[in-house]
Amino acid sequence: MQRKAVIVVADKRSLKRPFIFACAVNTALCFFLLTMTAAGHRDLLQAGQLVSHGSLVVLYLLESGCLLLSVLGVLGACWGKRWCLILFAAGMAAASQTIIVKTALSYRDIYESGVLREESKLLAMMPLSGPRRTNRTLLHSIQAHFQCCGLVEGYKDWGPAIPASCHCQSPGSCIRLRGVATLGAPKNQYVYQEACLPIYVSALKRGFSLAMGIKFGSGIFWVVLMLMSMKLMVQLKRKHKFLSLVQSNRYVAGAF
């Protein structure tokens with residue numbers, strides 16, 4: 001009897017490993033998004049702002065659901081289970097559409113309300129030179145981090161009591177206070193020249209834009225994952241057909 005030979009060549013175009021790697025990246029991304037959402041929720045509660053529970057629930061469900069979908073996708077790729085990949089693709093399609101639409105519609109409201117809230121929190125501390133003492137821990141940390149002093153008119157906002165967080169050691173970015181203009185600081189002391197409010201507001205705007213960009217980019221990445229899972233399903237289907245063909249052409253027992 002004529003012997004048949006079947007040569008199996010590994011498919012180097014298989015998306016199995018790239019797909020598993022992409023799912024691992026998505027797991028880290030979803031965990032980061034959950035951390036961002038929890039941190040924003042905490043800040044809103046501490047500021048006493050009204051929180052839209054429906055919107056937060058959607059975000060928590062969306063991000064935790066995509067985290068679980070990543071695990072499901074990895075299992076589907078490793079075990080060759082097409083039904084896992086079908087559920088993964090359906091979930092990613094819904095999640096990507098939701099986050100892209102939600103980010104696009106809420107960008108302006110979150111951007112404006114977030115910046116306005118933080119700006120109002122700082123302006124409520126004015127006048128800094130007045131007898132009313134509020135919790136200025138945030139302002140001191142802003143002054144030290146952004147190398148600025150005061151809020152509107154620079155070091156003059158503090159009057160005769162310039163705090164240590166305004167003192168600096170870099171003459172290039174500071175101003176020297178001389179004589180009667182020392183205003184409570186040691187003679188010839190350098191203090192930061194720029195006011196903090198415009199610098200801090202600008203940093204907040206960049207931060208909000210970055211956060212929204214990450215969420216929008218996550219939606220695009222989820223679309224890519226959905227397409228990869230669909231392509232992998234096609235490859236698995238072809239593989240199963242090939243294995244069935246091999247099984248149907250087995251050697252007859254005892255044949256050489």
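Excluded from the calculations below are hydrogen atoms, water molecules and symmetry mates; all remaining heavy atoms, backbone and side chain alike, are included.
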> Below 4.5 Å, heavy atoms only, C-beta onward: do L210 and I214 meet side chain to side chain?
Replying inline: yes
> Does some side-chain heavy atom of K16 sit less than 4.5 Å from a side-chain heavy atom of I20?
Replying inline: yes
>> For H140 and W158, take the angle between the two ring planes, folded into 0 to 90°, and tell me which bin it lands in: parallel under 30, tilted 30 to 60, perpendicular over 60.
In response: parallel
> In terms of SG positions, are C168 and C174 separated by less than 2.5 Å?
Replying inline: yes
>> Any heavy-atom pair between the side chains of I162 and H167 that's under 4.5 Å?
In response: yes
>> Through direct or indirect side-chain contacts below 4.5 angstrom among Ile, Leu, Val, Met, Phe, Trp and Tyr, which residues connect to Y192?
In response: none
>> Are L225 and L227 connected into the same hydrophobic cluster when the rule is that any two of I, L, V, M, F, W, Y join if their side-chain heavy atoms are below 4.5 Å apart?
In response: yes
> For F216, does the CZ atom sit with more than 12 other heavy atoms under 6.0 Å from it, leaving out its own atoms?
Replying inline: no
>> Using the disulfide bond (SG atoms under 2.5 Å apart) criterion, which residues pair with C66? Sequence neighbours excluded.
In response: none
>> Contact between Y200 and L151 at the side-chain level, heavy atoms closer than 4.5 Å - yes or no?
In response: no
> Do S229 and M92 come close enough that some side-chain heavy atom pair is under 4.5 Å?
Replying inline: no
> Same cluster for M233 and V71 if Ile/Leu/Val/Met/Phe/Trp/Tyr side chains link at under 4.5 Å?
Replying inline: no
> Do E118 and K121 come within less than 4.5 Å of each other through their side chains, counting heavy atoms only?
Replying inline: yes
>> Do I142 and I199 have side chains that approach each other closer than 4.5 Å (heavy atoms only, starting at C-beta)?
In response: no
> Taking only residues at least two apart or on different chains, which pairs with a member in residues 18-35 satisfy side chain to side chain donor-acceptor pair (under 3.5 Å)?
Replying inline: N26-S70, N26-W222
> Is any side-chain heavy atom of L139 closer than 4.5 Å to a side-chain heavy atom of L128?
Replying inline: yes
